[in-house]
Amino acid sequence: MIAARPATCRYAMGNSSLAYHLRTPDADAFDGVVAALRKSRLSVYVSPWAAGWMTVVDESSAGYDDRRAREVAAELSKHVGLPCLLTALHDGYALLLVVAERGRPTFEYETEAGAVVRAVGDGARLGAVSAADAASAERLSAVLELDRVGQPAGAYDRVLSEYRRLADVAKCLGLGDRVSLDFNAVRDAVADSVSSVRRLPPMIRARLEDARTFVRIGG
């Protein structure tokens, strides 16, 4: 069991996002996932299947509490029976990745300002969960910089370093642009709240149509 770090609470400001990504090669898995989520106590939106992934955004972790986000990742992997990848970006400055399988975390990874500050568990699980090909797995290894834990910033040493790193992780895993979303962004998009949508970062506004395909469960 991977021990969780103390809770933090960093609210979304600009380049922030928090989402959970369920991995399955089954393009028809959506109905089963929805049915499983309805039996849970979670209040979420879930996306249709695309390229091996379904993305979930959760209301209880909308305040960017890392501890709660870890708990939700574990709950999702247990209830749905699929590997879950948590991606949490704080202000483009700090990144948290967690792989949860069968209700337990198998890999955790944290960065701040271009430096890898923590990597616990089996780093290979991230590539294994995504079923990445050899070339993608090699690129992912370069992006994660697992050989630089505790060292000064390496390749990602500029402004919005972790925003760029998350975008590169998404490319390697085939996640697409849904890593840029969080619960509030999807809620506003689905509700088509013009005033709220105008407050979203341009990157998220550009993904508005995709966000509107998410389905509400619970709440």
*Would Leu89 and Tyr163 satisfy side chain to side chain contact (heavy atoms under 4.5 Å, CB included), going step by step from the backbone distance to the final call?*
CA-CA 7 Å; Leu89 178 67; Tyr163 170 88; 4.1 Å; yes
How far apart are the closest heavy atoms of [X] and [Y], and which atoms are they?
X: Ala73; Y: Ala100; result: O-CB, 3.6 Å
X: Leu18; Y: Tyr64; result: N-OH, 3.6 Å
X: Val116; Y: Glu145; result: CG2-O, 3.7 Å
X: Ser161; Y: Tyr156; result: CB-O, 3.4 Å
X: Arg178; Y: Ala50; result: NH1-CB, 3.9 Å
X: Phe107; Y: Ala119; result: CE1-CB, 4.4 Å

*For the hydrophobic clusters of this structure (ILVMFWY residues joined by side-chain heavy atoms under 4.5 Å, transitively), does one cluster hold both Val149 and Tyr93?*
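Val149 and Tyr93: separate clusters.
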_Ser61 side chain to Ala69 backbone, donor-acceptor under 3.5 Å_ = no
*Test item: Ser141 side-chain N/O and Glu138 main-chain N/O as donor-acceptor pair under 3.5 Å*: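 Checked: no pair found.
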_Once side-chain contact (heavy atoms from CB on, under 4.5 Å) is applied, do any residues pair with Asp157, and if so which ones, sequence neighbours excluded?_
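Asp157 satisfies side-chain contact (heavy atoms from CB on, under 4.5 Å) with Ala153 once adjacent residues are dropped.
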*asked:* As a test of understanding, state which of Leu166, Leu181, Leu96 forms a side-chain contact (heavy atoms from CB on, under 4.5 Å) with Thr87.
replied: Leu166
Please examine the side chains of [Y] and [X], heavy atoms only from C-beta on, and report whether any two atoms are closer than 4.5 Å.
X: His90; Y: Asp66; result: yes
X: Val44; Y: Glu59; result: no
X: Thr55; Y: Phe214; result: yes
X: Val72; Y: Tyr20; result: yes
X: Leu76; Y: Val56; result: yes
X: Cys172; Y: Val143; result: yes
X: Leu85; Y: Leu175; result: yes

If you measure from [atom1] on [X] to [atom2] on [Y], what distance do you get to the nearest 0.5 Å?
X: Glu71; Y: Leu86; atom1: CD; atom2: CG; value: 12.0 Å
X: Asn184; Y: Asp188; atom1: CG; atom2: CG; value: 6.5 Å
X: Ser17; Y: Leu95; atom1: OG; atom2: CG; value: 8.5 Å
X: Asp168; Y: Leu140; atom1: CG; atom2: CG; value: 10.0 Å
X: Arg187; Y: Asp182; atom1: CZ; atom2: CG; value: 9.0 Å
X: Arg23; Y: Leu173; atom1: CZ; atom2: CG; value: 8.5 Å

*asked:* Just to verify, what does Tyr109 make a ring pair (Phe, Tyr, Trp, His ring centres under 6.0 Å) with, not counting sequence neighbours?
replied: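 Tyr109 satisfies ring pair (Phe, Tyr, Trp, His ring centres under 6.0 Å) with no residue once adjacent residues are dropped.
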Residues [X], [Y]: salt bridge by 4.0 Å N-O rule:
X: Arg41; Y: Glu75; result: no
X: Glu108; Y: Arg67; result: no
X: Lys78; Y: Glu101; result: no

Atom pairs and distances, side-chain donor-acceptor, residues 29-40, under 3.5 Å, sequence neighbours left out:
| unit_1 | atom_1 | unit_2 | atom_2 | d |
| --- | --- | --- | --- | --- |
| Ser40 | OG | Leu37 | O | 2.7 |
| Ser40 | OG | Leu42 | N | 3.3 |

_From CA spacing to verdict: side chain to side chain contact (heavy atoms under 4.5 Å, CB included), Val215, Tyr45_ = CA-CA 5 Å; Val215 173; Tyr45 287 94; over 6 Å; no
For [X] and [Y], does a side-chain donor sit closer than 3.5 Å to a side-chain acceptor?
X: Asp91; Y: Ser16; answer: yes
X: Ser77; Y: Arg102; answer: no
X: Asp58; Y: Ser60; answer: yes

*Would you please classify the geometry between the His21 ring and the Trp53 ring as parallel, tilted or perpendicular, with 30° and 60° separating the classes?*
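If you compare the ring of Trp53 with that of His21, the planes turn out perpendicular.
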*Evaluate the side chain to side chain contact (heavy atoms under 4.5 Å, CB included) criterion for residues Thr24 and Val80: first the C-alpha distance (whole Å), next the side-chain angles of each, then the deciding distance (0.1 Å), finally the verdict.*
CA-CA 11 Å; Thr24 174; Val80 178; over 6 Å; no
*With respect to Thr111, which candidate in Glu162, Arg118, Arg148 satisfies the side-chain hydrogen bond (donor to acceptor under 3.5 Å, both in side chains) definition?*
Glu162
*asked:* Can you tell me if Arg216 has over 12 outside heavy atoms packed within less than 6.0 Å of its CZ?
replied: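 More than 12 heavy atoms, drawn from other residues, nucleotides or ligands, come within 6.0 Å of this atom.
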